[in-house]
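Let me begin by presenting the structure, written as structure tokens, before commenting on it.
These numbers were taken from a predicted model, which means no experiment stands behind them. Counting from 1, the numbers follow the sequence of the chain as shown. Hydrogens, waters and symmetry mates play no part in the numbers below; they use all other heavy atoms, side chains included.
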Amino acid sequence: MKILFVHKNYPAQFGQIAHWLVKRGWDVTFATARKDVRSSTIRVIHFEDHREASNETHHYLTGSEEAVISGQGVVRAVLRLKRQGYHPDVVVAHSGWGVGLFVKDVWPGTKYVQYAEWYYRSGRAGDDGAQEESLDIDARARTRVRNAPFWLDFSAADATLCPTRYQASRFPQKIQNSITVLNDGFDTDLHCPGPRNTAMLDAQGIPEDARIVTYIARGMEPLRGFPQVMKTVALLQKSRRDIHFVIIADDRVAYGPRQNAPSWKNRMLAELDLVLSRLHFVGLVPRSRMIEYLRASSAHLYLSEPFILSWSFVEAMACAAPIVATRSPPVKEFMTDERTGLLVDPTVTQEVADAIESLVDDPQRAGRLGEAARSDIVTQYDANTIIFPRHQQFYTDLVNR
């Protein structure tokens with residue numbers, strides 16, 4: 001079996017399954033816009049945009065023009081492979097960015113799988129669509145057109161994959177029956193419980209007997225609940241000197257609208273009375289260090305608005321970290337309140353603080369929740385034993401159909 005993965009980033013959602021398939025004898029190629037990556041086990045090819053979208057393009061169509069330009073870049077890269085005799089059985093492409101637009105035009109007989117991650121609706125990225133009526137028509141029209149590359153992919157795809165039920169529910173009802181929900185999978189051997197690394201914590205200025213509350217995100221923005229986290233920190237610091245907070249994130253906006261004002265980090269530091277000696281901003285850290293923090297965590301915070309579920313949330317479950325999370329559809333797809341974690345309204349700071357204290361002050365209860373959370377991820381979402389074999393079977397059945 002020959003399979004080609006196409007994604008602007010690398011390894012993104014496809015890297016681990018690509019290496020897993022290689023070990024099972026598949027011929028795997030990965031096309032990416034990143035030029036700084038190499039692999040000793042899979043063929044990596046690079047594509048690039050030959051120009052940016054024109055300033056004269058209608059602003060509704062800027063994203064569509066960028067998608068077409070990216071699609072052209074992929075075509076130029078894969079045509080070189082085709083001239084060498086390469087013909088994949090399956091192509092899997094990250095949908096919405098144009099990278100898979102012309103797969104069927106290069107290889108009409110190849111099975112094309114559209115990886116559908118997110119369908120945009122009017123309003124903020126996390127909205128469920130209920131606020132569309134209150135938005136101006138320009139914003140609503142622009143968002144509708146923003147999905148055009150997805151629809152072009154759908155018109156050519158032989159199958160559409162989506163990683164969670166919640167994400168699939170975002171798409172129009174008329175195509176939801178055409179979507180196969182198949183998770184990306186998680187490495188539960190890597191993400192697992194372990195001893196507390198006291199040397200690492202000491203180097204960070206965290207005492208050996210401190211209770212640790214962790215928060216992980218790509219950036220610091222409202223969509224991922226950063227302001228609510230900081231308000232909770234300020235509230236708890238008034239009464240709890242034994243709790244240290246570790247913020248693993250970049251000082252930037254990764255999701256949601258950008259702002260010209262000071263960063264959300266600086267804004268929260270200015271607005272709130274915070275004890276910085278017990279608040280540790282460590283930036284983005286290597287995966288091994290992230291796991292060390294999760295293993296030491298007495299409570300892990302995930303206060304995101306409804307959006308694509310962060311991988312770190314599930315990885316925290318796999319590490320058996322006791323979790324306090326938003327009571328929302330994407331979270332409830334993976335977590336059960338009072339069985340595998342505690343679900344809260346992130347806008348009610350006292351409720352969040354009370355949940356944290358209930359875990360910090362009752363390690364046995366916290367341990368039971370963490371163990372149950374890990375058990376769910378191991379038995380339902382382990383990549384190597386459950387999810388990747390399902391992917392392999394899905395692609396094989398698609399080709400043989």
Side-chain angles (χ1 to χ4, degrees), residues 3-14 29-37 43-84 86-88 90-122 125 137-163 167 170-172 174-175 178-179 254-255 257-258 308:
I3 188 167
L4 167 64
F5 292 101
V6 189
H7 199 298
K8 282 202 165 189
N9 207 345
Y10 179 95
Q13 291 93 337
F14 304 148
T29 303
F30 197 122
T32 177
R34 286 191 57 177
K35 295 181 172 60
D36 59 341
V37 294
R43 181 192 298 115
V44 178
I45 64 172
H46 307 279
F47 61 86
E48 61 183 355
D49 297 349
H50 68 283
R51 67 173 177 85
E52 297 180 351
S54 171
N55 291 329
E56 302 300 318
T57 299
H58 192 289
H59 66 282
Y60 291 1
L61 291 169
T62 300
S64 295
E65 184 179 6
E66 290 172 344
V68 169
I69 292 170
S70 292
Q72 287 182 311
V74 172
V75 167
R76 292 188 180 95
V78 300
L79 279 177
R80 291 191 288 270
L81 287 181
K82 185 177 182 180
R83 286 192 287 269
Q84 297 169 12
Y86 178 75
H87 191 291
V90 183
V91 176
V92 185
H94 188 211
S95 187
W97 304 97
V99 295
L101 283 181
F102 308 118
V103 166
K104 282 291 199 177
D105 300 295
V106 177
W107 294 293
T110 288
K111 298 296 184 181
Y112 172 41
V113 178
Q114 169 193 32
Y115 182 92
E117 187 174 22
W118 191 248
Y119 193 86
Y120 291 95
R121 296 183 179 184
S122 299
I137 186 62
D138 186 69
R140 290 159 61 188
R142 184 171 61 251
T143 300
R144 184 176 300 282
V145 177
R146 189 175 185 179
N147 291 307
F150 166 83
W151 285 101
L152 287 171
D153 277 345
F154 182 72
S155 70
D158 297 283
T160 301
L161 288 183
C162 192
Q167 287 167 261
R170 296 273 308 181
F171 290 87
K174 66 179 65 178
I175 68 166
S178 301
I179 296 175
Y255 298 107
R258 273 58 171 175
I308 299 170

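Counting heavy atoms from C-beta on, the side chains of Tyr10 and Asp36 never come closer than 4.5 Å. Considering only heavy atoms from C-beta on, Val106 comes within 4.5 Å of Lys82 through its side chain. In this structure the side chain of Leu101 never reaches within 4.5 angstrom of the side chain of Val103, judged on heavy atoms. The shortest side-chain heavy-atom distance between Ile3 and Val91 does not fall under the 4.5 Å cut-off. Looking at heavy atoms from C-beta onward, Tyr86 lies in side-chain contact with Leu4 at the 4.5 angstrom threshold. Contact annotation: the side chain of Val6 approaches that of Phe47 to within less than 4.5 Å [non-hydrogen atoms, C-beta and beyond]. Between Leu81 and Ile45, some side-chain heavy-atom pair lies under the 4.5 Å cut-off. Looking at Glu48 and Lys35, their side chains come closer than 4.5 Å, going by heavy atoms from C-beta outward.
A search for ring-ring contact (aromatic ring centres under 6.0 Å, His included) contacts involving His59 returns nothing, not counting sequence neighbours. Taking Phe171 as the reference, Tyr119, Phe150 meet the ring-ring contact (aromatic ring centres under 6.0 Å, His included) condition, with sequence neighbours excluded. Among residues two or more places apart in sequence or in another chain, the ring-ring contact (aromatic ring centres under 6.0 Å, His included) test is passed with Phe14 by Phe5, His7, Tyr115. For Glu65, the side chain to side chain contact (heavy atoms under 4.5 Å, CB included) partners are Arg51, Ala53, Ser54, Thr57, Ile69, not counting sequence neighbours. By the side chain to side chain contact (heavy atoms under 4.5 Å, CB included) test, Ala254 pairs with Arg218, Glu221, Arg252, sequence neighbours left out.
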*Derivation and outcome, side-chain contact (heavy atoms from CB on, under 4.5 Å), residues Val75 and Gln72*: CA-CA 5 Å; Val75 167; Gln72 287 182 311; 5.5 Å; no
*asked:* Apply side chain to side chain donor-acceptor pair (under 3.5 Å) to residues Thr32 and Lys8 and explain how you reach the verdict.
replied: CA-CA 5 Å; Thr32 177; Lys8 282 202 165 189; over 6 Å; no
*Chi angles and distances behind the side-chain contact (heavy atoms from CB on, under 4.5 Å) call for Val44, Arg34*: CA-CA 10 Å; Val44 178; Arg34 286 191 57 177; over 6 Å; no
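Sorted by first and then second residue, the salt bridge (charged side-chain N to carboxylate O under 4.0 Å, His left out) pairs with a member in residues 90-107 read Lys104-Asp158; sequence neighbours excluded.
Taking CZ from Arg142 and OH from Tyr120, the interatomic distance works out to 13.0 Å, rounded to the nearest 0.5 Å. The line from CH2 of Trp118 to CZ of Arg146 is 11.0 Å long, rounded to the nearest 0.5 Å. Rounded to the nearest 0.5 Å, atoms OH (Tyr112) and CZ (Phe154) are 12.0 Å apart. Taken to the nearest 0.5 Å, the CG atom of Asp49 stands 9.5 Å off from the CZ atom of Arg76.
Within a 6.0 Å sphere centred on CH2 of Trp107, heavy atoms belonging to other residues, nucleotides or ligands number more than 12.
Looking only at atom types and distance, the side chain of Tyr60 has a donor-acceptor partner in the side chain of Asp138 under 3.5 Å away.
Taking each heavy atom of Pro163 and Ala116 in turn, the nearest pair found is CD-O, 3.9 Å. Pairing each heavy atom of Gly100 with each of Ala93, the nearest pair is CA-CB, 3.7 Å. When all heavy atoms of Asn9 and Ala12 are compared, the closest pair comes out as CB-CB, 4.1 Å. Across Ser95 and Asp153, no two heavy atoms sit closer than the pair OG-OD2, 2.8 Å. Between Cys162 and Ile179, the shortest heavy-atom contact is CB-CG2, 3.5 Å.
With respect to Glu117, the side-chain hydrogen bond (donor to acceptor under 3.5 Å, both in side chains) criterion is satisfied by exactly one of Arg170, Gln13, Gln167: Gln13. Applying the side chain to side chain contact (heavy atoms under 4.5 Å, CB included) test between Gln114 and each of Leu161, Thr160, Leu152 identifies Thr160 as the sole match.
At distances below 3.5 Å, not a single donor-acceptor pair connects side-chain atoms of Thr110 with backbone N or O atoms of Val90.
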